[in-house]
Student: 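A single structure is presented below for examination.
These numbers were taken from a predicted model, which means no experiment stands behind them.
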Amino acid sequence: MVLAIVQSLFADNVKLLKSEASKTAYQGVGIALATVIVATCLVCYFDTGTLSLAGLWGAQKHNAALWMLNCMPFVFGVWGQYSNSLIAYQAGAMIIDQTHELRTKADDMEKQTAYVSTHDRLTDLPIRALFYDRVERAIISSLDAQKQPSRLSILLIEIENFKDIYEALGRNSSDLILKQISKRLQGVSLARDDVAKVDSNVFGVLLSAQSDVGRAEEFAQQIQKAMESPFIIDGLQVAIHSDVGIVHFPEHGDDVDTLVQRAGVALRIAQKSTKGYATYDPSFDKQTPLRLTLISELRHAIERDDLELFYQPQVSIKTAEICGVEALLRWNHPVHGFISPDEFVPMAERNRMIRLLTQWVLRRAFRDCANWHRQGFPIKVSVNLSAKDLHDPELPDLIAGVAVAAGIKPEWIMLEITEGSVMSEPDNALAIIKRLNEMGYQFSIDDFGTGYSSMAYLKKLPLAALKIDKGFVMDILNSENDAAIVKATINLGHNLGLMVTAEGVENKEIMTRLMEYGCDVAQGYFLSKPVTMQTFNQWVSDSHWKIVNH
């Protein structure tokens, strides 16, 4: 498109140059004719003392200088045509040169754009999408090559202590370590092996045309050995702990998603192994057939609107008023019955369906929130976000669009996040959280105290509340340690200016004890179990708990 525009501009310039050259030639001929006429008149006047046709003819007939002037129009005309042709030729040559240069630059830019979109800028390795594509091509080639498919192996290499390195040394130093790790992996790999960066601290390797199943384990041992030497960063020696998960095609799966998913299962086993690597075995994942079935059925459930949102009320301990609800996702499978979100949400994250699932939850929760506010119930709805959600740069735009469609205000929503979801990629998560906060959304840390966290990052978060995990709350009447943790968390939250919610309030005695500790909000089975929207509305009508300002 750009090339066509530039060529058009060049053509216009050539036409302009030709027009100017022709104009100049005509002007020269006109000046020459005028000069001949004036000179002839002057010669006639000086010779005869008057102007007459006979005198003019005599001047032309006997004066050699006028003959030279008579030739001038023809000289100017010939010179003008020559100049015009020369300019047109030079302009055409210029267009050819410039067009070739632009075409070369356009091809280079297209190649560079395609490369950048499929390769990691830091390590210059292929990213997940290109790695998946290469694995798929290798599978197809293996199936087409012969009746008996040749063996392929996929290795996932995770840097186990990368988060510790990131927190201790910062982004620049940890980036340098990733670059060095990629170079070591490329050094270990054979020419036919494909190395890729499939996640922030996870690398993938494709071993093709493997005749020996033990080759993959030998390669894993070589990787472990290559990582033994310490990495030198700013004079510091940094040790790397890596784990390797291994799967084989066709033994462990016949498509890339299944193979990578099972390599991830092997990777989790490798983390607990003294060897640091493990090859997938069906015993590692006894529910794999069910999970593989549920992956496709989950997508259909989202599309058919077969999921449900249940709501568990939150009550102000001081005023005994219902101040909010937490939206909890439920999937009642027609065959397998109730499936816990702890099972299918991670499944959605691993199989790139988490955005669809999050979008479904947001639309339903925002719609129900808008209905409550139209009925005069000023209820704040808490919605949980996963770690993958906080790594999606399009999340703020998605939430903004859903909010406009539902007709809700940001202050009606509390977005709940966990410590682990923030710390997996703190910089990216923090940027998305701050952007949503600037849009008016409030945040709460869910299950506070159960995950790994960095106070240096948590203090940067624009938090409005924190929730104490029910594992601490449920036993505060019997455990002094749990009681001390709950009291310390409440004091920490209040000192930071945060509202504190306690989960797991199972009876009146726990509610009373939380009131003594100064906790703000209670949530648990003593108030109500999670229920549908219709049941919640009926519970509000029948309960002695009242809606805030209603």
Student: For residues 378-388, pull every pair meeting salt bridge (Lys or Arg N to Asp or Glu O under 4.0 Å), keeping only residues two or more places apart or in separate chains.
Tutor: Asp199-Lys388
Student: Would you mind listing every salt bridge (Lys or Arg N to Asp or Glu O under 4.0 Å) that reaches into residues 324-337, with sequence neighbours excluded?
Tutor: Glu326-Lys467
Student: Please report the closest heavy-atom contact between Glu308 and Leu329, naming both atoms and the distance.
Tutor: O-CD1, 3.5 Å
Student: Once you round to the nearest 0.5 Å, how far does CG of Leu130 lie from CG of Asp194?
Tutor: 8.0 Å
Student: May I ask you to test the Phe162-Ser174 pair for a side-chain heavy-atom distance under 4.5 Å?
Tutor: yes
Student: Between Phe344 and Trp331, what is the ring plane arrangement, given parallel below 30°, perpendicular above 60°, and tilted in between?
Tutor: perpendicular
Student: Between Ser141 (side chain) and Arg137 (backbone), is there a donor-acceptor pair under 3.5 Å?
Tutor: yes
Student: Taking only residues at least two apart or on different chains, which pairs with a member in residues 472-500 satisfy salt bridge (Lys or Arg N to Asp or Glu O under 4.0 Å)?
Tutor: none
Student: To the nearest 0.5 angstrom, please state how far the OG1 atom of Thr489 sits from the CZ atom of Phe472.
Tutor: 7.0 Å
Student: Is there side-chain contact between Val383 and Leu362, with heavy atoms separated by less than 4.5 Å?
Tutor: yes
Student: Are Val315 and Val521 packed together at the side-chain level, in the sense that at least one heavy-atom pair is separated by less than 4.5 angstrom?
Tutor: no
Student: I'd like to check the side-chain hydrogen bond (donor to acceptor under 3.5 Å, both in side chains) partners of Glu160; sequence neighbours left out, ordered by chain and number.
Tutor: none
Student: Show the nearest heavy-atom pair for residues Leu477 and Glu509, with the distance to one decimal.
Tutor: CD1-CB, 3.6 Å
Student: Hydrogens and angles aside, do Gln312 and Ser528 bring a side-chain donor and acceptor to less than 3.5 Å of each other?
Tutor: no
Student: Could you work out, with side-chain hydrogen bond (donor to acceptor under 3.5 Å, both in side chains) as the rule, every residue matching Arg128, not counting sequence neighbours?
Tutor: Tyr132
Student: Check the pair Leu430 / Leu461 against side chain to side chain contact (heavy atoms under 4.5 Å, CB included), numbers first and verdict last.
Tutor: CA-CA 7 Å; Leu430 186 60; Leu461 295 174; 3.4 Å; yes
Student: Tell me the closest heavy-atom pair linking Ala400 and Met439, and the distance in Å.
Tutor: CB-CE, 3.6 Å
Student: Please list, chain by chain and in numerical order, all residues satisfying side-chain hydrogen bond (donor to acceptor under 3.5 Å, both in side chains) with His241, sequence neighbours excluded.
Tutor: none
Student: Is the backbone N or O of Asp254 less than 3.5 Å from a side-chain atom of Thr258, with the two atoms forming a donor-acceptor pair by type?
Tutor: no
Student: Among all residues two or more places apart in sequence or in another chain, which pass the side-chain contact (heavy atoms from CB on, under 4.5 Å) test with Arg367?
Tutor: Arg364, Asn371
Student: What is the minimum heavy-atom distance between Ser182 and Phe203, and which atoms define it?
Tutor: CB-CE2, 4.2 Å
Student: By the side-chain hydrogen bond (donor to acceptor under 3.5 Å, both in side chains) test, which pairs, at least two apart or in different chains, include something from residues 393-409?
Tutor: Arg355-Glu394, Asp397-Arg435
Student: Let's go through Phe443 and Met414 carefully: what are the C-alpha distance in whole Å and the side-chain angles of both, what is the deciding distance for side chain to side chain contact (heavy atoms under 4.5 Å, CB included) to 0.1 Å, and is it a yes or a no?
Tutor: CA-CA 6 Å; Phe443 283 85; Met414 178 73 74; 5.5 Å; no
Student: Restricting to salt bridge (charged side-chain N to carboxylate O under 4.0 Å, His left out), what partner residues turn up for Asp542, sequence neighbours left out?
Tutor: none
Student: For the backbone of Pro126 and the side chain of Asp120, can you confirm whether one donor and one acceptor N or O come within less than 3.5 Å of each other?
Tutor: no
Student: Indicate yes or no for a side-chain donor-acceptor contact from Ser479 to the backbone of Ile476 under 3.5 Å, with no hydrogens or angles considered.
Tutor: no
Student: Can you list the residues that meet the salt bridge (charged side-chain N to carboxylate O under 4.0 Å, His left out) rule with Glu303, with sequence neighbours excluded?
Tutor: none
Student: Would you check if the side chain of Ser340 reaches a backbone N or O of Asp342 as a donor-acceptor pair within less than 3.5 Å?
Tutor: yes
Student: Please report the shortest heavy-atom distance between Leu156 and Val260, naming the atom on each side.
Tutor: CD1-O, 3.8 Å
Student: Side chains of Ile354 and Asp392: closer than 4.5 Å at any heavy-atom pair?
Tutor: no
Student: How many angstroms lie between OG1 in Thr418 and CD1 in Ile445, if you round to the nearest 0.5 Å?
Tutor: 7.0 Å
Student: I need the full list of ring pair (Phe, Tyr, Trp, His ring centres under 6.0 Å) pairs touching residues 504-537, with sequence neighbours left out, sorted by first then second residue.
Tutor: Trp372-Phe536, Phe536-Trp539
Student: Hey, are the side chains of Ile399 and Leu415 touching, using non-hydrogen atoms and a 4.5 Å cut-off?
Tutor: yes
Student: From the options Asp427, Asn161, Asn201, select the one residue that forms a side chain to side chain donor-acceptor pair (under 3.5 Å) with Tyr166.
Tutor: Asp427
Student: State whether the side chain of Thr535 and the backbone N or O of Val531 hold a donor-acceptor pair below 3.5 Å, judged by distance alone.
Tutor: no
Student: Using side-chain heavy atoms (C-beta onward) and a distance below 4.5 Å, is Leu436 in contact with Leu395?
Tutor: yes
Student: Atom CD of Gln314 and atom CG of Asp520: how far apart are they, to the nearest 0.5 Å?
Tutor: 11.5 Å
Student: Taking His373 for the side chain and Ile408 for the main chain, is one N or O donor matched with an acceptor at less than 3.5 Å?
Tutor: no
Student: Mark yes or no for whether Ser173, through its side chain, and Gly170, through its backbone, hold a donor-acceptor pair below 3.5 Å.
Tutor: no
Student: If only atom types and distance count, is the side chain of Asp389 paired as donor or acceptor with the main-chain N or O of Ser386 below 3.5 Å?
Tutor: yes
Student: Working to the nearest 0.5 angstrom, can you tell me the gap between Glu136 CD and Leu259 CG?
Tutor: 10.5 Å
Student: Under the side chain to side chain contact (heavy atoms under 4.5 Å, CB included) criterion, do Glu503 and Met474 qualify, and how do the steps go?
Tutor: CA-CA 8 Å; Glu503 295 181 304; Met474 294 174 66; over 6 Å; no
Student: Can His252 and Ile154 be said to form a side chain to side chain contact (heavy atoms under 4.5 Å, CB included), step by step?
Tutor: CA-CA 10 Å; His252 299 145; Ile154 296 177; over 6 Å; no
Student: Can you name the nearest heavy-atom pair linking Val247 to Arg262, along with the distance?
Tutor: CG1-C, 3.5 Å
Student: So Val473 and Leu514, do their side chains get closer than 4.5 Å, heavy atoms only?
Tutor: yes
Student: Please collect all ring pair (Phe, Tyr, Trp, His ring centres under 6.0 Å) contacts where either partner lies in residues 479-500, sequence neighbours excluded, each pair once.
Tutor: none
Student: To the nearest 0.5 Å, what is the distance between CD1 on Ile433 and CG on Asn437?
Tutor: 9.5 Å
Student: Would you indicate whether the side-chain heavy atoms of Asp305 and Trp360 approach each other to under 4.5 Å?
Tutor: yes
